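Working notes for the structure below.
It should be emphasised that the depicted structure is a prediction, and the values quoted were computed from it without experimental measurement.
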Amino acid sequence: GMEEAKSASSLAAQTASVDLNENPLVRAEDEQLVDAFVFFVASQYKRCIVDGSQRSRYALGFPGLACIHCAGQRKFYYQD
């Protein structure tokens, strides 16, 4: 109803203000924790969230991964 619409609108405004590029998926110091291949693959993604700009079966704010080469057009969301 009306309350859910207000809540969704509020969440969309909050998620729009989050700069996920400031919080990278991996950092240089993480490279020592995994092998080079895993680090390289993980570095090809950035964090993203469902923000309402694309159709999704997940709720607004749900976390996922986005390809850094596709300008965020390829997004992946996992439940398990």
Can you measure from CG (Leu65) to CZ (Arg47) and round to the nearest 0.5 angstrom? 9.0 Å
Any residue meeting side-chain contact (heavy atoms from CB on, under 4.5 Å) with Glu31, in chain and number order, not counting sequence neighbours: Phe39
As a quick check of understanding, evaluate side chain to side chain contact (heavy atoms under 4.5 Å, CB included) for Ile68 and Gln44, giving each step before the final call. CA-CA 6 Å; Ile68 63 171; Gln44 303 307 298; 4.1 Å; yes
